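Only one structure is covered here, and it is reproduced in the block below.
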Amino acid sequence: MRDQSISFRVKRGIGIAMMLALLAFSLLPILWTLILALRPATHLFEPIWSSPTALTLDNIASIARSDFPRALLNSFITAGASTLLALLLGVPGAFALSKRRFSGKFMASWLLLLLRMAPPVGFVIPLFLFYVQAGLIDTHIGLIFAYTSLTLPFVVWSMWTSFNQIPNELVEAGLMDGASLWQVLRLIVLPAARPGLVAAGVLSFLLAWNDFFFALVITRSSTTTAPVAIMNFVSYASVDWGAIAVAAIALTLPTVPIIIIANKYIVQSLGGAVKG
Amino acid sequence: MTSVRASAAMDRSYKLMLLPASLAVGIFAVAPLVGMFVLSFTDFHLIRGWSGKIGLQNFLRLAGDARFLSSIYVMAALSFFGVVAQVVIGTAIAVGLDRIVKSWRFARGIFVIPFAVPHIAVALIWLSLFTPTLSPITAFFATFGIEVPAMLTSQTGAIAAIVIADTWATTPFVMLIVLAALQGISPDLDEAAAMDGATRIRSFFLITLPLLYPTLLMVALFRFIETLKHFPLIFVMTSGGPGRATQATNYYAYVQTFQSSNVAYGAAIAVFLFIFAGIISFYIARSNARLSDA
């Protein structure tokens, strides 16, 4: 059999070596961050293999004492509220876009994609000027509205894709039984589209959670979010690497399980347009 | 996809469902972009305000602005090398998981992790890896007497550093989508090619890769538009430097607006970036429309 030949084994060996190298590239920076989080300042600039037992929990304690937990809370509030707002406004709209017959569907899909791709700096400049006038700088509500410019087009787009996969017969059957369109949406279509709904909600949350740029421009000290607050550990005089590593891990912890569990839906939602 | 037949009352319900979403998209997302366009034709300055002047002066100024032109060059380098690296490596991982190491069930989860790390954390992690006094990479090679060059202080090094950090973080996105597409391609095709005497590598390049092409193109477009919007990586790792070596166009728009107070000029740069988004989103929307008509 050719599959047992030496040349096949060599090629397979090269393939496995390549995969191991790529696995190391993915994983080693994560391990490095974990190490950094546990290193005392006194041993920071020594290689880990020269003093492998010099580990401490001080960095975690100092983060707990800092303003960072409050910034995490700000991130939760703003990302969560913006996601709720986007779902509440966007889901019925996406349903209508999917099931109603009308001619503007191409324009609507173009607009939604365009809003998703437009440069954030284009949104931020006019928002900033308006917020200064309206007194919305450094407020939760201001940041929530700004995030909704990201989350709403995303939610409408991905729920539109999800609803397209719900057969029209299901909607028609509900209507035949005398339910109103709203009841059909709430009682029949949404339960059937639940995986898509969860994915849209979760990914929209991450979109806002990961934001750095909007919060950098729109917030100041009182509503600053975690991605901006992490920069407080960087100053010209010194960089508190241990604190940064702990904060980076705190920022990432909520997202890892979400991404691993939802990665099936990322293909569907993030790549809603990507059909082979 | 055909739509559900509608009565007049139902049509009213549909309109009621569309209304809040349309209004909200208009207020939250479209209005700021309209603001961007309007501002780009003024001479609004954060401190001096607006003199009442309206015209194309910002766009004329762009054409002769050396910093703007060099920012496009930086943006093109970051996008080109980033997209190529991400598509090639992401495809390699997907093919590896699908064909070479099928039994590594845990590996898919591990490969996805960097994608979960928020951009600001990606930037700080790689800043630490590129800080010579701190980096374990530098320390590791130093034990063999090899000196690793300081990436962030040279022009090409700084661009390479940003491309590497971006590639680390976003390759999983490419991997996930290519993997899904690969699993939709029948393995029978490869077997048929093998019957005809093609080696596996040949059959990959001659059969699998052409079938993947539409997916790869879409993924590359998505990544391209994202790489135009680099911000945290540049802000944290290089602040646009050394000199202006990593000052990409998006970052330059930020600098002009929020550091030099040239709001209108910044808006004009944003309009320039917006044109890319307009073209690529139109292309993707059109190919989607063709797919759903078919």
Side-chain angles (χ1 to χ4, degrees), chain A residues 15 19 22-23 26-27 29-30 32-33 45 47-48 89-90 92-93 95-96 99-101 106 109-110 113-115 117-119 121-123 125-127 145 148-149 152-153 156 164 168 171-172 181 210 212-213 227 230 241 244 248 251-252 255-256 259-260 263 266-267 271 273-276, chain B residues 1 3-4 10 13-14 17-18 20-21 24-25 28-29 32-33 35-36 93 96 100-101 109-112 114-121 124-125 128 133 136 139 176-177 180-181 184 214-215 218 225 229 231-232 250 253-254 257 266-267 270 273-274 277-278 281-282 284-285 288-289 291:
Chain A
M19 290 303 284
L22 290 170
L23 209 54
S26 287
L27 203 53
I30 302 280
W32 162 244
T33 312
F45 296 100
I48 177 72
L89 294 166
F95 176 68
K99 299 302 175 200
R100 184 183 179 228
R101 193 192 300 265
F106 171 74
S109 76
W110 182 27
L113 265 177
L114 178 60
L115 293 174
M117 294 183 165
V121 68
F123 292 103
I125 296 170
L127 275 183
F145 286 166
T148 306
S149 74
L152 183 63
V156 175
N164 276 345
N168 289 336
V171 179
E172 276 164 356
L181 208 53
N210 288 343
F212 173 68
F213 186 58
I230 206 174
W241 286 111
I244 286 176
L251 200 55
T252 308
T255 66
V256 170
I259 294 280
I260 290 181
N263 74 52
I266 291 171
V267 177
V274 182
K275 296 174 192 159
Chain B
M1 171 161 275
S3 309
V4 178
M10 265 175 59
S13 297
Y14 274 134
M17 288 173 169
L18 267 176
V25 167
F28 292 124
L33 289 176
M36 165 192 75
I93 296 174
I100 303 173
V101 288
I110 292 176
F111 276 123
V112 173
F115 190 54
V117 181
H119 292 161
I120 190 74
L124 287 162
I125 290 170
S128 76
T133 50
L176 284 174
I177 288 173
T215 307
M218 281 295 167
I225 201 82
K229 303 193 288 196
F231 187 80
N250 184 51
Y254 167 80
T257 311
L273 288 171
F274 184 82
S281 55
F282 180 80
I284 294 177
N288 265 4
L291 277 177

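Naming convention: chains lettered A, B, ... in sequence-line order (proteins, then strands); numbering from 1 in each chain. Computed from a predicted structure; not experimentally measured.
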Top of [options] for chain A proximity - count of heavy-atom pairs under 4.5 angstrom:
{"options": "B:Ala270, B:Pro118, B:Ala121, B:Gly266", "result": "B:Pro118"}
{"options": "B:Asn250, B:Thr133, B:Leu273", "result": "B:Thr133"}
{"options": "B:Ala21, B:Pro32, B:Ala139", "result": "B:Pro32"}
{"options": "B:Ser128, B:Gly278, B:Pro114", "result": "B:Ser128"}

Of all the heavy-atom pairs spanning A:Leu89 and B:Ala24, show the shortest one and how long it is.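 Nearest heavy atoms, A:Leu89 then B:Ala24: CD1-CB, 3.5 Å.
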Counting distance only, does the side-chain N/O of B:Lys229 pair as donor-acceptor with the main-chain N or O of A:Met117 below 3.5 Å? yes
State whether the side chain of A:Thr255 and the backbone N or O of B:Val117 hold a donor-acceptor pair below 3.5 Å, judged by distance alone.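 No, the answer is negative, given that no donor and acceptor are paired below the 3.5 Å cut-off.
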Greatest number of non-hydrogen atom pairs under 4.5 angstrom with chain B, of A:Ile244, A:Leu27, A:Ile30, A:Leu22, falls to A:Leu22
For chain B, which candidate among A:Val156, A:Leu127, A:Leu251 shows the most heavy-atom pairs at distances under 4.5 Å? A:Leu251
Check whether B:Leu124 gets within reach of chain A through its side chain, its backbone, both or neither, counting any heavy atom under 4.5 Å.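 For B:Leu124, heavy atoms of backbone and side chain both lie under 4.5 Å from chain A.
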Once side chain to side chain donor-acceptor pair (under 3.5 Å) is applied, do any residues pair with B:Ser13, and if so which ones, sequence neighbours excluded? none
Contacts of B:Ser281 that satisfy side chain to side chain donor-acceptor pair (under 3.5 Å) - sequence neighbours left out: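 Applying side chain to side chain donor-acceptor pair (under 3.5 Å) to B:Ser281 gives A:Trp110.
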Worked verdict on A:Val121 versus B:Met36 for side-chain contact (heavy atoms from CB on, under 4.5 Å): CA-CA 9 Å; A:Val121 68; B:Met36 165 192 75; over 6 Å; no
So which part of A:Leu181 gets closer than 4.5 Å to some heavy atom of chain B, the side chain, the backbone, both or neither? both
Structural part of A:Phe212 lying under 4.5 Å from a heavy atom of chain B: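 Just its side chain gets close to chain B.
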Give the intermediate values and the outcome of side-chain contact (heavy atoms from CB on, under 4.5 Å) for residues A:Met19 and B:Phe111. CA-CA 10 Å; A:Met19 290 303 284; B:Phe111 276 123; 3.9 Å; yes
Any chance you could measure B:Ile284, atom CD1, to A:Ser109, atom OG, to the nearest 0.5 Å? 10.5 Å
With ring centroids as reference points, do A:Phe123 and B:Phe274 lie under 6.0 angstrom apart? no
Any idea how A:Phe145 and B:Phe28 line up, ring-wise: parallel (<30°), tilted (30 to 60°), or perpendicular (>60°)? tilted
